[in-house]
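Following: one structure in structure tokens, then a few remarks.
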2 protein chains.
Amino acid sequence: MPIPTSKPFQKQTAKDKAYQQIKEWIVNGTLMPDEKLAEVELAKSIAVSRTPIREALLRLNEEGLVVITAGKITRVAQIDADNIADLFEPMAVIEGLAANQAASKIDEAEFKKLATLEKKYRVSLNSNKLINILKADRIFHQQILAIADNAYETKFSDQLYSHIYRYELAMIKMLDADHQNFKITANHEALLKALAEQNPVKASATMTKDWLSTLQKIVSIQELTESQK
Amino acid sequence: MPIPTSKPFQKQTAKDKAYQQIKEWIVNGTLMPDEKLAEVELAKSIAVSRTPIREALLRLNEEGLVVITAGKITRVAQIDADNIADLFEPMAVIEGLAANQAASKIDEAEFKKLATLEKKYRVSLNSNKLINILKADRIFHQQILAIADNAYETKFSDQLYSHIYRYELAMIKMLDADHQNFKITANHEALLKALAEQNPVKASATMTKDWLSTLQKIVSIQELTESQK
DNA sequence: ACACGTTTTTTTGTATACAAAATAATATTC
DNA sequence: GAATATTATTTTGTATACAAAAAAACGTGT
């Protein structure tokens with residue numbers, strides 16, 4: 001018998017299906033901030049019963065994308081644009097740590113893969129769709145987290161990112177009409193170099209700076225649009 | 001009508017009750033690592049139905065204290081003593097960040113409260129129960145997180161801490177017979193001073209060092225007991 | 001038209017039912 | 001007796017039922 005190549009078939013449960021779907025709807029704006037989330041309605045829409053919907057909502061509540069209060073109506077969490085730093089600052093230090101650890105333990109194969117992703121990222125910079133850039137950027141970061149190989153860090157980063165991505169998508173939608181070409185791009189070459197040199201301190205500092213400068217860019221865009229009112 | 005002093009009555013749901021109870025059992029070792037968690041059994045034991053038990057288990061699964069796999073049996077997560085650094089390193093940087101932020105924004109009242117907690121901690125050092133020290137220590141740290149006032153950081157720290165505390169309790173149980181007085185104590189005075197000076201960089205560095213030195217102590221205890229076999 | 005009180009409808013939280021799959025127990029074969 | 005096959009039992013995942021509370025709708029009086 002040939003050894004099965006794929007992992008032991010992971011069943012896609014109704015709960016997971018509901019979770020992914022609702023999360024996507026919230027992140028991409030289909031479900032608007034503060035919108036009411038009735039379990040029966042969602043159940044009908046996703047074609048499962050209330051139970052998996054409920055379990056998905058509880059998880060999203062944990063992650064802060066949904067607000068469940070006592071026995072009251074469940075709502076989509078608001079986007080706290082005022083406190084966007086609350087997302088970026090922990091992100092900066094956690095992925096800074098991940099970069100540090102990755103630099104300490106990265107091997108040849110991992111570095112090659114990372115370099116490929118960096119190249120893809122640079123290619124994406126020529127795209128006129130900002131979303132493509134954001135996605136390529138995220139994949140690059142996720143690879144660093146994978147190399148660091150710390151489940152807590154990875155989960156925390158993913159969680160923060162879903163909020164950040166949601167915010168960025170909302171911002172793009174809002175601004176795209178006016179500013180065709182505002183960029184939230186990063187310079188990954190310095191980071192890649194620090195990892196090549198296996199220099200943890202430099203890798204960490206570069207990663208942290210990357211996130212904080214992105215935060216700065218976003219804040220300045222906020223101020224710009226704020227002043228335009 | 002007098003203005004109500006207490007917060008709007010937060011209902012203690014069956015789900016919360018189950019969550020707290022099961023979590024406590026896992027952390028304090030009543031439920032052992034890898035032990036089977038049958039929903040009906042837990043339901044009987046806590047006197048609620050399967051639904052709230054299930055919701056509690058899902059949350060604990062999210063937090064890594066319980067392992068739910070596909071349609072298989074649910075078990076208490078193992079204590080990964082080998083990778084104890086996976087907990088302490090993110091903790092060190094996240095609470096380092098929190099200390100940084102707290103130093104930037106701390107006010108008179110907050111500082112007074114923190115100083116009181118530091119005093120209580122110092123008093124606890126005289127206790128011969130290590131658990132008392134750990135608890136006073138944790139309250140001190142939580143106050144810093146409260147001052148930093150970042151929900152993501154607080155939640156992440158709490159989550160990591162439940163694993164750390166679980167590990168420490170298990171260690172105490174194991175070693176208490178032999179070593180009556182091994183200490184995992186911290187020096188909070190330097191931290192308090194950095195906060196008094198409103199020096200973010202120093203506060204952050206002190207906090208990070210605090211966690212990493214605790215990690216070092218634990219690792220050396222591990223090596224000690226390892227060599228005794 | 002607006003405030004207030006009452007009734008109706010939703011909505012949640014919990015309990016329970018049921019099927020499919022996994023686990024455990026038992027029997028069977030060699 | 002050990003390995004395998006078969007049966008019985010648990011256990012989970014999902015659906016549904018039901019009550020209590022919240023939200024919405026409606027009416028009434030002013």
Side-chain angles (χ1 to χ4, degrees), chain A residues 1 4 6-23 25-26 31-78, chain B residues 1 4 6-23 25-26 31-78:
Chain A
M1 183 176 87
S6 71
K7 290 160 198 161
F9 179 67
Q10 166 108 14
K11 195 188 307 185
Q12 165 82 325
T13 63
K15 174 188 67 184
D16 293 337
K17 189 180 155 194
Y19 169 77
Q20 286 173 229
Q21 179 65 85
I22 299 171
K23 181 174 176 179
W25 281 339
I26 293 174
L31 289 169
M32 303 282 286
D34 210 51
E35 187 169 342
K36 186 175 90 173
L37 290 176
E39 290 170 7
V40 281
E41 211 177 327
L42 287 170
K44 251 184 242 169
S45 167
I46 301 180
V48 296
S49 83
R50 258 187 74 208
T51 308
I53 294 289
R54 182 148 240 279
E55 292 177 348
L57 289 177
L58 283 166
R59 189 167 159 197
L60 290 165
N61 177 59
E62 275 303 299
E63 294 175 10
L65 288 171
V66 151
V67 179
I68 298 178
T69 341
K72 288 188 186 166
I73 265 175
T74 299
R75 295 187 174 279
V76 177
Q78 258 145 345
Chain B
M1 184 176 86
S6 72
K7 287 161 200 162
F9 179 67
Q10 166 109 15
K11 193 187 311 184
Q12 165 83 324
T13 62
K15 173 187 67 181
D16 294 336
K17 188 179 154 194
Y19 168 78
Q20 285 172 231
Q21 180 63 87
I22 299 172
K23 181 174 175 179
W25 280 339
I26 293 174
L31 289 169
M32 301 283 284
D34 209 52
E35 186 169 344
K36 187 175 88 174
L37 290 175
E39 289 169 10
V40 281
E41 212 178 325
L42 287 170
K44 251 184 243 169
S45 168
I46 300 180
V48 295
S49 83
R50 259 188 72 206
T51 307
I53 294 290
R54 183 148 240 279
E55 293 177 348
L57 289 177
L58 283 166
R59 189 168 159 197
L60 290 166
N61 178 58
E62 276 302 301
E63 295 175 10
L65 287 172
V66 151
V67 178
I68 299 178
T69 341
K72 290 189 186 168
I73 264 177
T74 300
R75 296 187 173 279
V76 176
Q78 259 146 345

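Naming: A, B, ... by sequence-line order, numbering from 1 per chain. Only a predicted model underlies this, so the values are computations on that prediction, with no experimental measurement involved.
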Rounding to an integer number of Å, can you tell me how far Glu35(B) CD sits from dT11(D) P?
13 Å

In whole angstroms, the gap separating P of dA22(C) from CD of Glu39(B) amounts to 16 Å

Interatomic distance where CD belongs to Glu41(A) and C1' belongs to dT12(C) [whole Å]
14 Å

Of Ile46(B), Ile53(B), Leu42(B), which is the lone residue that meets side chain to side chain contact (heavy atoms under 4.5 Å, CB included) with Gln21(B)?
Ile46(B)

Roughly, in whole Å, what's the span from CG in Leu42(A) to C1' in dA15(D)?
16 Å

Nucleotide nearest Thr74(B) when distance is taken to its side chain, options dT12(D), dT14(C), dT11(C)
dT12(D)

For Glu35(A), does the CD atom sit with more than 12 other heavy atoms under 6.0 Å from it, leaving out its own atoms?
yes

Whole-Å distance, Ile46(A) CD1 to dA15(D) C1', equals 16 Å

So what does Leu37(A) touch, heavy atoms closer than 4.0 Å: a base, only the sugar-phosphate, or nothing?
sugar-phosphate

For atom CG of Leu57(A) and atom C1' of dT11(C), their distance in whole Å:
13 Å

Looking only at heavy atoms, what is the nearest atom pair of Asp34(B) and Arg75(B), with distance?
O-NH1, 2.8 Å

Arg59(A) meets the side chain to side chain contact (heavy atoms under 4.5 Å, CB included) criterion, sequence neighbours left out, with Asp16(A), Tyr19(A), Glu63(A), Glu62(B)

To the nearest angstrom, the CG-P distance between Leu58(B) and dT14(D) comes to 10 Å

Taking side-chain hydrogen bond (donor to acceptor under 3.5 Å, both in side chains) as the definition, give me every residue that meets it alongside Gln20(B), ordered by chain and number, with sequence neighbours left out.
none

Here the distance between atom P of dT14(D) and atom NZ of Lys17(A), to the nearest Å, is 10 Å

Testing dA15(D), dT14(C), dT11(D) for proximity to the side chain of Glu55(B), the answer is dT14(C)

Ala14(B) and Val48(B) have their tightest heavy-atom pair at CB-CG1, 3.8 Å

What are the two closest non-hydrogen atoms of Leu57(A) and Ile68(A), and how far apart are they?
O-CD1, 3.7 Å

One character per nucleotide, please: for nucleotides 16-23 of chain D, 5' to 3', B when the base has a protein heavy atom closer than 4.0 Å, S when only the sugar-phosphate does, - otherwise.
BB----SS

